[in-house]
Amino acid sequence: MLRETDREIYLALKKEKEKQSATITLIPSENIVSREVLEATGSILTNKYAEGYPGKRYYGGCSHVDEIERIAVERACKLFGAEHANVQPHSGSQANMSVYYTVLKPGDKILAMHMSAGGHLTHGVAANFSGLFYKPSFYTVDRESEMLDYGKIREAALSLKPRVIVCGASSYSRTIDFSMFSQIAAEAGAILLADIAHIAGLVVAGIHPSPVPHAQFVSSTTHKTLRGPRGGFVLCRSEYASGINSALMPGIQGGPLMHVIAAKAVSFRDALRPGFKAYQEQTVNNCKKLCSEIAGRGYRIVSGGTDNHLFVIDLVNKGITGLEAQELLESVGIITNKNLLPFDPLSPKVTSGIRMGTPSITSRGMKEREMEKIAGWIHEAIEHKDNNPVLKDIKKQIRRFALEYPIYPAA
Ligand SMILES: *Cc1c(COP(=O)(O)O)cnc(C)c1O
C-alpha cells in the first residue's frame, strides 16, 4: 500500500482528499466522479497495451479490452445519437487535435472563438499547436450584449473561407446555436467542429441543443459536466469514421488508456439513466440561482446572466483582479479560477474576471438554498478582503458547511 511504501505521495493524496472534502469547488470544468468510475480508473486495465481498434489490434491478448472498447463506443453513439464514436482521445485537447489532423493540412485556415470571449487553447491560440500548425482567425462576442453575433461570424466566415469553423467554448454562459453555425459553415464551404467539452452533460440531458445533427465533428471531454473520468472522445458522421480513427492512432496517439476507456463506458451508462437529467437540471438551476444571488449583491455578470452551468463575474468595479479574487477565495475555502473578460485589458495570468460553475457542488447534493449561502460568503470575503479575523471566520463556516456534503457519502 502507498501508505507504507510511498509516504510522500500518500500524504499529498490524503491532503488533497481532505481539501476536496472541506472546500467548495466552483471550477465549472471539475466534477466528482462516481465510485464506479473511480474503480474502473484504478483497475488492472492500466496493465494492458491495446494499440489499434477492437478486432484490429497490434498487440495480443486484447479480447477483453476489445469488449470494453466496443461497449464504450456503442454507449457513446447511443447517448448522443451519433453515427460513429472514437473513445480513445486521452483528453479534450487530443480530441480536437485528431479532428484537425483528419481534415486539415498544416497552414490551412480555421475560424474559432477568441480565448477572451470563451474559446479554448486548442482553438488556435498562438502558444498552442493549433495556432502554430494552422492559420487561425477569431470571432468574438458583441461588445454590448457580450453574446455571439452570428451576423458577424457569417461575414468573417464568408470573407475568410476557412477549412474548419470551430464552435463551443470554455467560458461562454449562453446557449450556442449550432444550427446557425452549420448554416454559416455550409455557406462558407467549411467543415464544422462543435467542441462540447463543457456542456456535454447538458446536451445529453436535453438542456442544451445537441450539435450532433448539425456538425460533421463533435469533440468533448468526459470529465466536465458529463461526470466521467479525465479524458476525451470524438463523434462524427460515418464518412469520417476511418479518417478519425487513423488520425487518433497512428496519427497522434499510441496505446489507448483502457482503464480510462472502461471508466468512460461506466459514465456513459450513468448518463443514460433517468437520474442524470435531474442532476443536470439541478446543476443549471443552481447556477442560475448562484449567479442571480451574486448579481443581487452588486456584481456585473458577463452577458448579464447564464443559460448553463457557468458564468463569469466582471470584477472591474470591485477594485480586485481575477487573480487576487481567486487567491482570496481560495484562502477561505472556495476554489474558483480567474478568467478573461471579453476585451479584457489585463493579461490571462491576471485577468479582470472570475469564472464559477456548479457541476461539482451539485454532485455533492447542494441545492438553491446552499447557493444563497455560498453567494453570501463570496461577497463577504471580497468586501472584507483585508480583514483577517473576518476571513478566518468565513473559512471556518465554509469548512463546517462543506463537510456536511461529503464527496463520497458513507455507503
Ligand atoms: C476543457 C476543454 C478542452 C480540453 O480539455 P483537456 O482535457 O483539458 O485537454 C477543449 N475544449 C474546450 C472548449 C474545453 O473547455
Side-chain angles (χ1 to χ4, degrees), residues 25-31 33 37 41 76 86-101 110-125 127-131 134 136 138-141 148 164-176 178 181 192-203 208 210-211 215 217-235 247-248 252-253 256-257 260-261 263-264 267 283 287 302 306-312 336-340 342 348 353 355-360:
T25 291
L26 295 179
I27 294 177
S29 43
E30 293 186 3
N31 211 328
V33 299
V37 166
T41 311
N86 187 309
V87 296
Q88 292 197 1
H90 300 329
S91 71
S93 294
Q94 258 128 349
N96 285 343
M97 191 183 216
S98 70
V99 174
Y100 297 153
Y101 199 95
I110 63 174
L111 174 64
M113 192 164 187
H114 195 268
M115 189 156 77
S116 71
H120 188 255
L121 279 173
T122 53
H123 298 180
V125 172
N128 184 262
F129 78 90
S130 57
Y134 309 112
F138 301 100
Y139 57 86
T140 181
V141 289
L148 289 170
V164 167
I165 296 177
V166 187
C167 58
S170 302
S171 57
Y172 185 67
S173 64
R174 297 301 186 171
T175 299
I176 296 170
F178 293 124
F181 265 110
L192 184 63
L193 163 61
D195 177 351
I196 58 166
H198 261 269
I199 56 168
L202 277 60
V203 167
H208 192 293
S210 171
F217 293 92
V218 175
S219 64
S220 185
T221 62
T222 37
H223 50 272
K224 298 181 183 174
T225 52
L226 201 50
R227 208 163 61 182
R230 196 152 286 283
F233 64 97
V234 181
L235 309 171
L248 251 312
I252 64 163
Q253 289 185 178
L257 311 176
V260 178
I261 290 175
K264 287 173 185 172
S267 65
T283 298
C287 189
V302 172
T306 178
D307 303 324
N308 60 24
H309 65 297
L310 65 79
F311 57 92
V312 178
T336 59
N337 69 291
K338 61 182 184 276
N339 206 94
L340 288 171
R355 185 179 68 152
M356 296 185 175
T358 49
S360 175

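Basis for what follows: all heavy atoms, side chains included, without hydrogens, waters or symmetry-related copies. Ligands are counted one by one from 1 in listed order, and the atoms in each one are counted from 1 as well.
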- Task: For atom 5 (O) of ligand 1, grab the closest protein heavy atom and report residue, atom and distance to one decimal in Å.
- Result: Thr221 CG2, 3.4 Å
- Message: If we only consider heavy atoms of Arg230, is any one of them less than 4.0 Å away from an atom in ligand 1?
- Response: no
- Task: Starting from atom 6 (P) of ligand 1, locate the nearest protein heavy atom and write down its residue, its atom name and how far away it is, to 0.1 Å.
- Result: Gly92 N, 3.6 Å
- Item | Geometric N/O contact Gly168 with ligand 1, under 3.5 angstrom | no
- Message: Which residue and atom name correspond to the protein heavy atom nearest atom 3 (C) of ligand 1, and how close is it?
- Response: His120 NE2, 3.3 Å
- Query: Going by distance alone, is a donor N or O of one side chain under 3.5 Å from an acceptor N or O of the other, for His120 and Asp195?
  - Reply: no
- Query: Can you tell me which residue and heavy atom of the protein come closest to atom 9 (O) of ligand 1, and the distance to 0.1 Å?
  - Reply: Ser93 OG, 2.7 Å
- Message: Donor-acceptor check, side chain of Gln253 to backbone of His90, threshold 3.5 angstrom: yes or no?
- Response: yes
- Under 3.5 Å, is there a donor-acceptor pair between the side chain of Thr25 and the main chain of Ile27? no
- Which atoms of ligand 1 are found less than 4.0 Å from any heavy atom of Ser170? 12 (C), 13 (C), 14 (C), 15 (O)
- Message: Which of the numbered atoms in ligand 1 are under 4.0 angstrom from any heavy atom belonging to His223?
- Response: 7 (O)
- Message: I need the atoms of ligand 1 closer than 4.0 Å to a non-hydrogen atom of His198, numbered in the order shown.
- Response: 15 (O)
- Query: Should you measure from each heavy atom of Asp195, which atoms of ligand 1 turn up under 4.0 Å away?
  - Reply: 10 (C), 11 (N), 12 (C), 13 (C)
- Message: Nearest 0.5 angstrom please: Ser219 OG to Asn86 CG, how far?
- Response: 12.0 Å
- Query: How long is the span from the CG atom in Leu111 to the CG atom in Leu193, to the nearest 0.5 Å?
  - Reply: 12.0 Å
- Message: If the contact criterion is a heavy-atom separation under 4.0 Å, does Ala169 count as touching ligand 1?
- Response: yes
- Is the closest side-chain heavy-atom distance between Val141 and Met113 below 4.5 Å? yes
- Item | NZ-CG distance between Lys224 and Leu202, expressed to the nearest 0.5 angstrom | 13.5 Å
- Out of curiosity, Tyr134 OH to Asn128 CG, how far, rounded to the nearest 0.5 Å? 10.5 Å
- Message: To the closest 0.5 Å, what do you measure between OG1 (Thr122) and OH (Tyr100)?
- Response: 5.0 Å
- Item | Sub-4.0 Å atoms of ligand 1 with respect to non-hydrogen atoms of Ala197 | 2 (C), 3 (C), 10 (C), 11 (N), 12 (C), 14 (C), 15 (O)
- Query: Does some non-hydrogen atom of Lys224 fall short of 4.0 Å from ligand 1?
  - Reply: yes
